**Q** 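Quick one: structure below, then a few questions.
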Amino acid sequence: MKLFNNKTFIALSFTLILVSCDLDIKPVDSVVPEDAITDAASVQALLVGGYDALSDDDLYGGWIQMTSDLLGTNFDLNWGGTFFDPRDIWQKVMTANNGQAEATWTDGYEAINIANTVLANLDKAGNDPMIEGEAKFIRGAVYFELVRLYAKDWADGNPAVNLGVPLKLEATNMVYDPNQNFISRNTVEEVYDLVLSDLETAEANLPEENGFFATTWAAKAMLARVHLQRREYDEARILANEIIESGYFELADRVDRCFNLDNNNSEDIFAIQVTPQDGINDLQTFYASRSFNGRRDIRTRGEFRALFDPSDERYTRLIYEDGAGSGRYLSGKYKDQFANISVIRLAEMYLIRAEGNLLAGGPQVGPNTPHDDLQILRDRAKAPAAAASPTIDDIMLERKLELAFEGHFVHDIRRTETTIDQFGPISWDADELILPVPQREMDANPGLSGQQNAGY
Amino acid sequence: MKRGLLLLFVAWMGLSTSYAQDRVITGRVSSSEDGAPIPGVNVLIKGTTIGAVTDAEGKYSINASGSPTLVFSFIGYTTVESDAGARTTVDVAMNPDTQQLSEVVVVGYGTQLKQELTGNIAKVSGSDIKNVPVPSVDQALQGRAAGVFVEAGNGKLGQGIKVRVRGSASVSASNEPLYVIDGIISTTDDLSGTDAPTNPLAQINFNDIESIDILKDASAASIYGSRAANGVVLITTKRGKSGKTRFNVGFQTGFSEPSRKAKWLNGPQYYEAFNEAFENANAKALAEDGVDFGDYFYGEPGLTFDEVLDYELGYWEKDSNEPWSDNAFRDDAGISQFDFTASGGNEKTKFYVSMQQLNQNGILIGDALDRTSGRINLDNQASDKLSFGFNFNLSRTINRRLTDDNEFTTPMQLLALPPIQPAHLDDGTLNDATVYFNGLIKHENSSFETTVFRNISNVYGQLILAPGLLFRSEFALDILTQNEDRWDGAAVDSQTGNVNGGGSSRWVNVQNYSTNNFFNYKKNFGSIHDIDLTAGMSYQYVLRNSSSITAQTFPSDAFKTLTNASVITAGPSNETAYAFLSYFARANYKLNDKYLLSLSGRLDGSSKFGEDQRYGFFPAASAGWILSQESFLKDNSTISFLKLRASYGVTGNAPNGNFSGLPLYSGITYDKLGGIAPTQLGNKQLKWETTIQTDIGVDFGFLNDRITGEIDYYMKNTDDLLLNSNVPGTSGFLTRLVNVGKLNNKGFEFVLNTRNVTGDFTWTTNFNFAKNINKITDLDKNVIEGGYINRAVEGEPIGVFYVQEFAGANPDNGDALWFLNRDPDQTEIDDGAVFQIQKYGDRYVTNDYGLAERKVVGNPNPDFIGGLNNTLAYKGFDLSFLFQFVVGNDSYNGGGRFERADFVYFDNQLVEDWENAWRQPGDNTNIPQARLFYGNGDFESSRYIQDASYVRLKTLSFGYTLPSAAVSKLFLSSVRLYVSAQNLLTFTKYDLNDPEVNTDYLSSNISQGNDFYAAPQAKTIMFGINVGF
């Protein structure tokens, strides 16, 4: 039976063949830039992306703090566990391949690029100064952390000559241009200048309240830290004083009530938000015991615990044994897996004001003497009275008792030119206390040729 | 054979007096080996379309007139032509044909006779791999096809298998061949929700496979265009044949155990060894810092070894002797498999129906794979011009899986636990105070089940438009639905991060639709010109949807479904799609049955390519010369077949991602607020990788094809490699996908098939051997790292190990040493950081790891691979065994820093490391002194690289087919009993578990040859029976 006329069938077949089927398939899980950044709401969304980048576990989500403490521990903590990169940081035997050093660097610049992209698209948001302020807060904070981890300290030699980190201030073109990105390291001074400029803009543009996002107080607090690191004690104390006297913040009524919180409390000046759906509290991962689902890789040492008076609640409530009889004592600041991370809290401002008043000279700034400021913290901690006339050693000790494991160890060591004896003696300006420029950067960026840190 | 010929002669002589006229010719076809009848043989009157098929008793009956020549053909036997003359009975004995030259080979969109091929195609018949006890067909191919390297990364069931046809041709895109099942480019992506890959091929019952044809050179593969650079594996499933319906029932069952196991310390050895390490460390602390071990490490002077164990270990008992490494294996590992097939039909309709139930327990606790599969393949000749048919395959696979190799909970990591820590406490509960998590707790308090529903179906119609011209249209769908259901109880919270248990449920659905429509024209002109033209189009659209939910906090372990979880931590859903539109054409020309020429081309367009590069063209050309048809060789008694061939062509390799050329922003969340962030740099010129391959080959047959084989030399040059080229991190991005880079593969393949003995006792051998040399020639100065120490770098093969070079222990003091591998500074020599020792002459060594330079110290790619298969038969007994070998590949032990680490921490160590450690000055050994906590050489270095060459007795099968006389009394047509073994013997110097290794959580193109607590392959022994009726 002839089903089809040959000719019609051939025609049919050719039609079938020539039907052009669709090759234009659009992505839906992600979108192209023209569809992504269009108006003020999307620029605001990008800013949220910037905060999210800042909260990465390799930045304020944990590793900025832990890197400083692993580097600067002076018989305060031990690192156990299997990860090599943190162990090498702790033992000060890093190589240029250290994965943690690489992660903090690359994630830092990821946050910087988002901030730069927000600034480049400010016009779509009506040039809103508050958005500018928030983007510069993020950028300034990250550049500050990078320059004080990857470069020589401000007071070590000549910052106008010492190499800092590369300053990238324009948004990376998504249609990639290599020349835009083969940049070299700027000097320590240039980086600090940018940090001060960004944070001062943030200080001026940001409101006093902004939910859990950056406020003018957060910018001031970050600036206080910058000035403290530069040993500019007068500027530091003035800023700390403004924050304390503003009335916006209040110390929590008990030492352990500043930690393991789902939401910011009265003491938080700036905190990273962590929820069960989103964000990682990597401090909890490494500090918490197994019973809290942590790895308990960071343990306190006996010498550290011996610094506390037995009644000090920062000892009784914030240090616990990892299972009875184990002999392992962990920091209780990080127990809840989904708790926020307090980046800056009010207690630190008291300490900065005290240190500033002690070292800056001239008339006292604010209503309290250094003794008074230390006493406020001691009262809260139900510890014995502070020294009547505190010395710098007393203040540094109080910083350790109050702020341990919050990312201050190596920076305090540097500022006070202390020698580290654990794995030591290691001088405050030693090469081993400076993170290497990641090897992948040296390999990918010819602009960095010859600019690796000493010792790597 | 002699008896068969005699039979033929007598028959012919006896009947030569019959006269020629219209009549029915009958006869019986039997096998020359044993006289057994061969059912299903095609009998054809030469020059006509009059045909018949032999029945279950080998008998046929056919209408004939005049003096016809009868042609008897059947797969696996040499075709016989018998001049019937005027006879009415023609009985024929057929010889098994093991050299396949007269076989038909499946090529893209058609078939060709092997002897007329100008390309290189390796063929593996379904019967060779039938009943091999592995879940997926790719694993069953190991060692059977020249140049096809198959490696199972570890012994877990159902995982992704690495297949490389003629080397790795890509760095960042896929290196796996294209799998075409009955004309459908099938879904073979890794759809796993964990780092360890799953394998869609494990959903296919490969007992349904008639043949596998692997297109290896450009001439064969280019017809598949931009996805063919890694070779194309064409899988053809069985079809029915006309004749009485034949049933077959098979059952096999067996047990499995690990094929090899490394030797770890037992309880008393462990205590003694670590005590020694403690003493050594104590001495070091005293010597260097004037304080003892306890003071140095804990701030507590006077600490004893037992006290240190108390601090670090958890619950331990000095006289406990727990065989932790054995606890990873289950003692009920094995397989049981039931197969049923029915096939038959008449001249108009033919069918093949099959069903399989497979239940396999892997060697690791908690590892299992069950598969239920069914198939109907149907062909119908609707009229003399129109035929159509369909294949319908449905399967359900349930794979009970384990956590990835790098998780503390995975069974193989149990070996790290100290034998002085018992697995169970006195009250019978599991010991949860072990130095690392006790994985047995995970085993008893969790489940991970991956269920896959797969439907591969197609329908075709074929219409003869004119003599020699046909049009074929195919529509196919390949639908895969995979569910990964995980539950973890509260006891595992410390490992999962859950609070009071948790779980996840993930669904992925891949809909793969395709259509092929093409013409084929075959014609012979003037009896010497034969042409075979094919032209058509193909369109494929693949849509992938997935959604998952992760939740935690159950009221108790009694509630395992997520509806009872109180905190939902993630619930994403995703969608992505791609399409390919292609036009192809091929012309094959044969002159005088001896000169061959083939040209082909394919225009491929895809949504995956950048907008400036949508379409690519992939041509190929090849030629052949059948020398043995020339007058000077035609009657040569030694050379029965000789063909020279050469091919040259272009194939492509498409990007893995569907939108890799677009700049992209993705959504992010920050504390329940929606945000966006830039995630991908764009590239409008993004295109496929291009491979140009040249192949020169010889096919030969000697002594009447008693010895046959092939020799090939090939060169594959790949350009436009897709690379995630490193960009400076200061840009805010890490990489960008570009086409830059070149690599090449060169190699040599040798295939030899011999019929060593024929007659009552037959013995044939098949040998295949291949050598491939891979070299990356241009990566735009990038160095791409992968694995632990693998890298892709210019001037080296992909995946080389680049690391510090270990120099053993310093004979004077037991320090670990590394070679400096660079020129030392004078200051380094002066202050003793760098020095020379006697056994290395003037090479500098150092005990400061940071001073040593890295270099390329090993290569995970094999130097050569192959297989040797022997098949013997005698009077109903059959024996076949396949040796498979991989030689010259290195492996790196990523776990070495824990399990061969001079007792730096409390992981169990290899016995040989304890025995051979440095103990006193003068000891010349590669194992540095044991030093608790100090670490002495437990850094990444060539210390953990070793040669992983091996030869395996891969498959051994011994069977007995009952005599047909006995069997037919039971109304059966055949019964075969057999015992078979997989991985029965392994010969290797590898001192960990298994040299065939690539740890699952890391496996990638570059990360190769890495062993990180990987499970060994299973050794399986099975008994089976196969009944035909």
Side-chain angles (χ1 to χ4, degrees), chain A residues 1 3 6 9-10 13 16-17 20-25 27-33 36 42 45-46 48-49 51-53 55 82 93 95 105-106 109-110 112-114 117 166 168 172 174-176 181-183 212 273 275-278 290 293 301-303 327 337 438 440-441 443-445, chain B residues 299-300 310-311 383 385-386 463 465-466 471 473 493-494 497 499 517 519 536-537 539 567 569-570 574-579 581 605-607 614 658-659 662-666 668-682 726-734 736 783 850 898:
Chain A
M1 174 173 86
L3 288 170
N6 272 357
F9 200 89
I10 290 174
S13 320
L16 211 76
I17 283 179
S20 93
C21 311
D22 192 13
L23 284 184
D24 256 317
I25 299 185
V28 294
D29 283 356
S30 303
V31 297
V32 292
S42 46
L46 188 58
V48 172
Y51 281 103
D52 187 56
S55 75
T82 50
V93 293
T95 64
W105 174 287
T106 52
Y109 277 97
E110 198 179 311
I112 289 168
N113 184 44
I114 294 180
T117 310
K168 179 100 191 314
T172 299
M174 301 277 280
V175 180
Y176 182 73
N181 292 292
F182 287 161
I183 54 181
F212 50 66
Q273 310 300 305
T275 69
Q277 283 80 20
D278 167 66
R290 288 232 188 110
N293 293 327
R301 287 183 65 108
E303 298 92 327
Q337 189 181 349
R440 79 166 312 274
E441 294 299 284
D443 289 339
N445 183 355
Chain B
E300 293 176 41
D310 287 334
Y311 273 159
S383 70
K385 288 204 170 29
L386 177 66
L463 184 66
L465 297 169
F471 176 71
S473 181
D493 280 354
S494 64
V499 174
N517 302 285
F519 293 91
M537 63 78 72
Y539 177 70
V567 180
T569 54
N574 298 79
E575 179 183 308
T576 186
Y578 69 85
L581 174 63
S606 174
S607 61
R614 274 278 191 252
N658 295 340
F659 306 109
L662 296 175
L664 293 175
Y665 273 77
S666 305
I668 57 94
T669 335
Y670 185 62
D671 198 352
K672 306 189 197 61
L673 291 175
I676 56 175
T679 47
Q680 181 171 288
L681 290 168
N726 278 338
V727 299
T730 45
S731 66
F733 296 92
L734 292 175
R736 185 175 82 110
V783 171
F898 308 108

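Remember, predicted model here, so these are calculated numbers, not experimental data. Sequence lines set the chain letters: A, B, ... in the order given, protein chains first and strands last, and positions in each chain run from 1.
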**Q** Taking the side chain as every heavy atom from C-beta outward, state whether A/I25 and B/F659 have any atom pair closer than 4.5 Å.
**A** yes

**Q** For B/Y578, is it the side chain, the backbone, both, or neither that has a heavy atom closer than 4.5 Å to a heavy atom of chain A?
**A**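 Backbone only.
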
**Q** With only heavy atoms counted, which part of A/I183 is less than 4.5 Å from chain B, the side chain, the backbone, both or neither?
**A** side chain

**Q** Tell me, side chain or backbone of A/R290 under 4.5 Å from chain B's heavy atoms, or both, or neither?
**A**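 It is both, since atoms from each part get that close.
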
**Q** Using a distance-only test with no angle check, is there a side-chain donor-acceptor pair under 3.5 angstrom linking A/N113 and A/T172?
**A**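 Per modelled atom types, A/N113 and A/T172 side chains form a pair under 3.5 Å.
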
**Q** What residue in A/R301, A/R440, A/E303 has the most heavy-atom pairs under 4.5 Å with chain B?
**A** A/R440

**Q** Does any heavy atom of chain B fall under 4.5 Å from the side chain of A/T117, the backbone, both, or neither of them?
**A** side chain

**Q** Distance alone, cut at 3.5 Å: any donor-acceptor contact between the side chains of B/E300 and B/Y311?
**A** yes

**Q** Is it the case that B/D493 and A/N293 place a side-chain donor and acceptor less than 3.5 Å from each other?
**A** no

**Q** Quick one, B/T576 with B/N658, criterion side-chain hydrogen bond (donor to acceptor under 3.5 Å, both in side chains). Give me CA distance, side-chain angles, the key distance, then yes/no.
**A** CA-CA 7 Å; B/T576 186; B/N658 295 340; 2.8 Å; yes

**Q** Side chain from CB out, backbone as N, CA, C, O: work out which of these in B/S606 comes under 4.5 Å of a heavy atom of chain A, or both, or neither.
**A** backbone

**Q** Using heavy-atom distances under 4.5 Å, tell me whether B/V727 contacts chain A through its side chain, its backbone, both, or neither.
**A** both

**Q** Where does A/L46 contact chain B at under 4.5 Å (heavy atoms): side chain, backbone, both or neither?
**A** both

**Q** Under a 3.5 Å threshold, yes or no: a donor from one side chain and an acceptor from the other, between B/N517 and B/S473?
**A**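 Side-chain D/A pair, B/N517 to B/S473: present.
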
**Q** Measuring heavy-atom distances to chain B, does A/D443 have an atom under 4.5 Å in its side chain, in its backbone, in both, or in neither?
**A** neither

**Q** Heavy-atom distances under 4.5 Å only: say whether B/L664 touches chain A with side chain, backbone, both or neither.
**A**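 For B/L664, the contact with chain A is made by backbone and side chain together.
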
